[in-house]
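Report on the structure given below.
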Amino acid sequence: MSVWLQELIRFFFPADCISCQTRLPPDERWLCKRCQSRLILAETDLRGEVAQAEALDGVYSGYFYEEILQSAIHHFKYSRALSLARIFANRLAEVMRSEKGLVGASLLVPLPLHPIKKRTRGFNQAALVAAELSHLTGIELDEDCVVRVKNNVSQTTMHSASERILNVTNIFKVVHPDRLVGKTVVIVDDLITTGATMNECARAVREAGAAHVIALSVGRPLLESNQNTDSSTNSSELEYL
Ligand SMILES: [Zn+2]
């Protein structure tokens, strides 16, 4: 079923909020305004709080990853709640306007999915958010200057930091380095957890000639303990790519 048909059906047959289950008014989709307002904002530079960030000049997120955001991201990725991309991008546009570390951003690059995974899912969720963000900010979007050349196993199966780093080593390849030279690149993703995948992508982008590389995700874990220890990440709650 096409996304638009899905949206059309939803318009005529109103649904409930995915988080609080109250009936949504016809002009709202997936997440009610009240639940949107209850999302916990996270806007300061979190670079010091992710385990792998050597290749990143900054790490920013729109929200902390608690129950409402978890439900929203889950529906976004697995129930094709694609209009949530606009809500997420609105928040990321606010972060881009308010954070000094993001001033001067000149290129938005969504974290690439491996082609097999993209085909299975039907879309790259990071690319949908980045496209909306580009529309809102006017910053150029480049979806194909970097590709994912290895379909690595999920980071959730990795037990140690060294395993996670090894699992993502050389999984990205820059295919159009000319588009990155001298740019301040913002890599966009839905979630950042240990930072290993994002950092590996940033390393490739930096090696290709980008001047600065900054991570920007919709969500990040709420608990400090999810970040710096090897085994504390709750794999049932954190959906790695
Ligand atoms: Zn709600």
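Treat the numbers as computed from the prediction; the structure is a model and nothing was measured. Counting convention: from 1, in listed order, for ligands and their atoms alike.
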Look at the side-chain heavy atoms of Ile, Leu, Val, Met, Phe, Trp and Tyr, link any pair under 4.5 Å apart, and say whether V175 and F172 land in one connected group.
-> no

When the ring planes of F76 and F88 are compared, do they come out parallel, tilted or perpendicular, using 30° and 60° as the limits?
-> perpendicular

Please confirm whether the backbone N or O of [Y] pairs with a side-chain atom of [X], one donor and one acceptor, at under 3.5 Å?
X	Y	value
E200	N170	yes
Q36	L31	yes
R148	P112	yes

Do R97 and E94 meet the salt-bridge criterion of a basic N to acidic O distance under 4.0 Å?
->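 No.
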
Counting no waters, what protein N/O/S atoms lie under 2.8 Å from the Zn ion (ligand 1)?
->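 Hits for the Zn ion (ligand 1) below 2.8 Å: C17 SG, C20 SG, C32 SG, C35 SG.
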
